Amino acid sequence: MKKILGLLLAMILAIGMCGCSSGTSSVKEYNIDEFLPTYRKILSSIEEKTQYWSEDELQSSKYTELVKKEAESGGFSLNQTIIIRGKVDTTYPSFLFISTSKNSNEDTESDDSEDEDFEPDSEDADFDSTTFMCLFSENPNSPALLEPGSNVAIEGTLFAEKKDEEKGTKYISEYLSDCKIKSPDISKVKFADNVTDAIAVDGSERIMGTVNSIEEITASDDDKEEYLESVDTSSDEYNYASAYRFANYVIYLNNGPGNTLPCFINTTEDLLPKEGDKISLIGEHFSYDYSDYINAENSAIYIFK
């Protein structure tokens, strides 16, 4: 009798375990090269079918049903959690572009980086067919810990149903939302001052340093634009004028006894580090008038605790 009860108990436990395992689903993983063609095809189809829809229709359940149908045609679903692997392309506060190896951004920034009005939800945010936008709601400055051009795996929600808190309207995000970096393990990234080394590097670089001071750029946009337009585009001064045009602060990083490295950035006051903070940002070195500078106007700024 005890043997029979024991067998029955074992069967019940086995069935329970099977039921639990069948209820869980693994997160599907894609390489960006295989993901983008299908994703772009879905977006193109949605845009074609809604090109003459009113704003009311674009915020209605009718639009949600259309996106759901188009997503499913490509093997996706609304609010689907996925992982995408690609190359670190361009970083901004709260979002990151990843790219295919054909568009690896070790040496260049995307053209949209010079648009002072560029925002993640802007129609101008439609980068070319080799890049994809990932939005970070938690740890928005974590992309500043990544190496430009390196491999990265991002987990997030595809075709997420969202609500615009200001307008009170609902929408479906075209990008990967609520992202987090799955690989590399950024918790293992430790502060290592490389300011001196960064000066010797061409192209985008992850730069870590200690903040000496911060200066606000108070010139008007019109004045900065006028200065930029007055400079010869083939001169070293043009790099300075361009960085100055789109920045609103300069962060000076310690660079040896009595020396600092100016970094041009574009951020909000609440995201600024303080004097003495150890930070990481993504920037590109240039020289002008026998001095070194970093153009980091697009970068998030990670502050080490």
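Computed from a prediction, not measured in an experiment: that's the story for all the values here.
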Donor-acceptor contacts, no H, no angles, side chain residues 58-67, under 3.5 Å, sequence neighbours left out:
unit_1	atom_1	unit_2	atom_2	d
S60	OG	E57	O	2.6
S60	OG	K62	N	3.3
K62	NZ	E57	OE2	3.3

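- Taken from CE in M133 to OG in S173, the straight-line distance is 9.0 Å, to the nearest 0.5 Å.
- Under the 4.5 Å side-chain heavy-atom criterion for grouping Ile, Leu, Val, Met, Phe, Trp and Tyr, I181 is not connected to I303 through any hydrophobic cluster.
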Under the criterion side chain to side chain donor-acceptor pair (under 3.5 Å), I'd like the reasoning laid out for D185 against S187: C-alpha separation, chi angles, the key distance, then a yes or no.
CA-CA 5 Å; D185 184 354; S187 68; 2.5 Å; yes
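- You'll find the side chain of Y227 reaches within 4.5 Å of the side chain of V231, heavy atoms only.
- Note: D193 CG to M208 CE = 10.0 Å, rounded to the nearest 0.5 Å.
- Between S220 and D222, the side chains place no donor N or O within less than 3.5 Å of an acceptor N or O (distance only, hydrogens not considered).
- K182 is linked by a side-chain contact (heavy atoms from CB on, under 4.5 Å) to I83, A153, E155, K180, counting only residues two or more places apart in sequence or in another chain.
- Under the 4.5 Å side-chain contact rule for hydrophobic residues, Y171 and L158 do not share a cluster.
- The two residues I279 and P273 have their closest heavy-atom pair at CG2-CB, 3.8 Å.
- Residues T268 and D270 have side chains that bring a donor and an acceptor to within less than 3.5 angstrom of each other.
- Residues S280 and I207 form no side-chain contact, since every pair of their non-hydrogen atoms from C-beta on lies 4.5 Å or further apart.
- No side-chain donor from either of Y244 and E297 sits under 3.5 Å from a side-chain acceptor of the other.
- A 4.5 Å side-chain heavy-atom check between E284 and D202 finds every atom pair outside the cut-off.
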Would you please test Y39 and F132 for ring pair (Phe, Tyr, Trp, His ring centres under 6.0 Å) and show each step?
CA-CA 10 Å; Y39 167 77; F132 183 63; 4.8 Å; yes
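- In this model, a donor atom of one side chain and an acceptor atom of the other lie less than 3.5 Å apart for E215 and Y252.
- Following chains of ILVMFWY side-chain contacts shorter than 4.5 Å, one can reach I172 starting from W53, so the two form part of one hydrophobic cluster.
- L281 is not connected to L145 by any chain of hydrophobic side-chain contacts under 4.5 Å among Ile, Leu, Val, Met, Phe, Trp and Tyr, and they are in different clusters.
- Ring geometry for Y293 versus Y288: interplanar angle of 30 to 60°, hence tilted.
- Residues Y92 and S299 form no side-chain contact, since every pair of their non-hydrogen atoms from C-beta on lies 4.5 Å or further apart.
- Put simply, the side chain of L146 reaches to within 4.5 Å of the side chain of L96, judged on heavy atoms.
- For the pair I251 and I301, the minimum side-chain heavy-atom distance is below 4.5 Å.
- In plain terms, the two heavy atoms of E34 and E29 that are nearest each other are OE2-O, 4.3 Å.
- Under the 3.5 Å distance criterion, with hydrogens and angles disregarded, a donor-acceptor pair is assigned to the side chains of D232 and S234.
- At distances below 3.5 Å, not a single donor-acceptor pair connects side-chain atoms of S242 with backbone N or O atoms of Y238.
- Ion pairing between a basic and an acidic side chain is recognised when a charged N comes within 4.0 Å of a carboxylate O; K87 and D33 show no such pairing.
- For E138, the CD atom sits in a loose shell: 12 or fewer heavy atoms of surrounding residues, nucleotides or ligands are nearer than 6.0 Å.
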Solution key, residues 253-265 side-chain donor-acceptor pairs under 3.5 Å, sequence neighbours excluded:
unit_1	atom_1	unit_2	atom_2	d
N254	OD1	N212	ND2	2.8
N255	OD1	T196	OG1	3.1

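- Side-chain contact between L135 and L176 is absent, with no heavy-atom pair separated by less than 4.5 Å.
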F159 vs I42, test: side-chain contact (heavy atoms from CB on, under 4.5 Å). Steps then yes/no.
CA-CA 11 Å; F159 297 118; I42 292 171; 3.9 Å; yes
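- Applying the salt bridge (charged side-chain N to carboxylate O under 4.0 Å, His left out) rule to E147 yields the partners R206; only residues at least two apart in sequence or on another chain are considered.
- Among all heavy-atom pairs drawn from I294 and F286, the shortest one is C-CE2, 4.2 Å.
- Taking both residues in full, the closest heavy atoms of A144 and I282 are given as O-CD1, 3.8 Å, listed atom of the first, atom of the second, then distance.
- The NE2 atom of H285 sits 12.0 Å away from atom CG of D197, with the distance rounded to the nearest 0.5 Å.
- A side-chain hydrogen bond (donor to acceptor under 3.5 Å, both in side chains) with K162 is found for one member of T169, N79, D178 and no other, namely D178.
- Going from atom CG of D89 over to atom CD1 of I32 covers 8.5 Å, rounded to the nearest 0.5 Å.
- Using cut-offs of 30° and 60° for the angle between ring planes, the F97 and F95 rings count as perpendicular.
- Between I154 and V152 the shortest side-chain heavy-atom distance falls below 4.5 Å.
- Applying the side-chain contact (heavy atoms from CB on, under 4.5 Å) test between Y249 and each of I217, L272, N266 identifies L272 as the sole match.
- With sequence neighbours excluded, no residue forms a side-chain hydrogen bond (donor to acceptor under 3.5 Å, both in side chains) with K170.
- A side-chain N or O of S45 and one of E70 form a donor-acceptor pair less than 3.5 Å apart.
- A pairwise comparison of heavy atoms in T38 and G74 identifies CG2-O, 3.6 Å as the closest pair.
- Distance CD/E225 to OG/S230: 10.0 Å, rounded to 0.5 Å.
- Between E205 and V201, the shortest heavy-atom distance links the atoms OE1-CG1, 3.7 Å.
- Between atom CZ of residue F246 and atom CG of residue D221 there is a gap of 9.0 Å, rounded to the nearest 0.5 Å.
- Between Y302 and F304, the distance from one ring center to the other falls under 6.0 angstrom.
- Legend: ring-ring contact (aromatic ring centres under 6.0 Å, His included) pairs involving residues 71-91, not counting sequence neighbours, sorted by first then second residue: Y30-F76, F35-F76.
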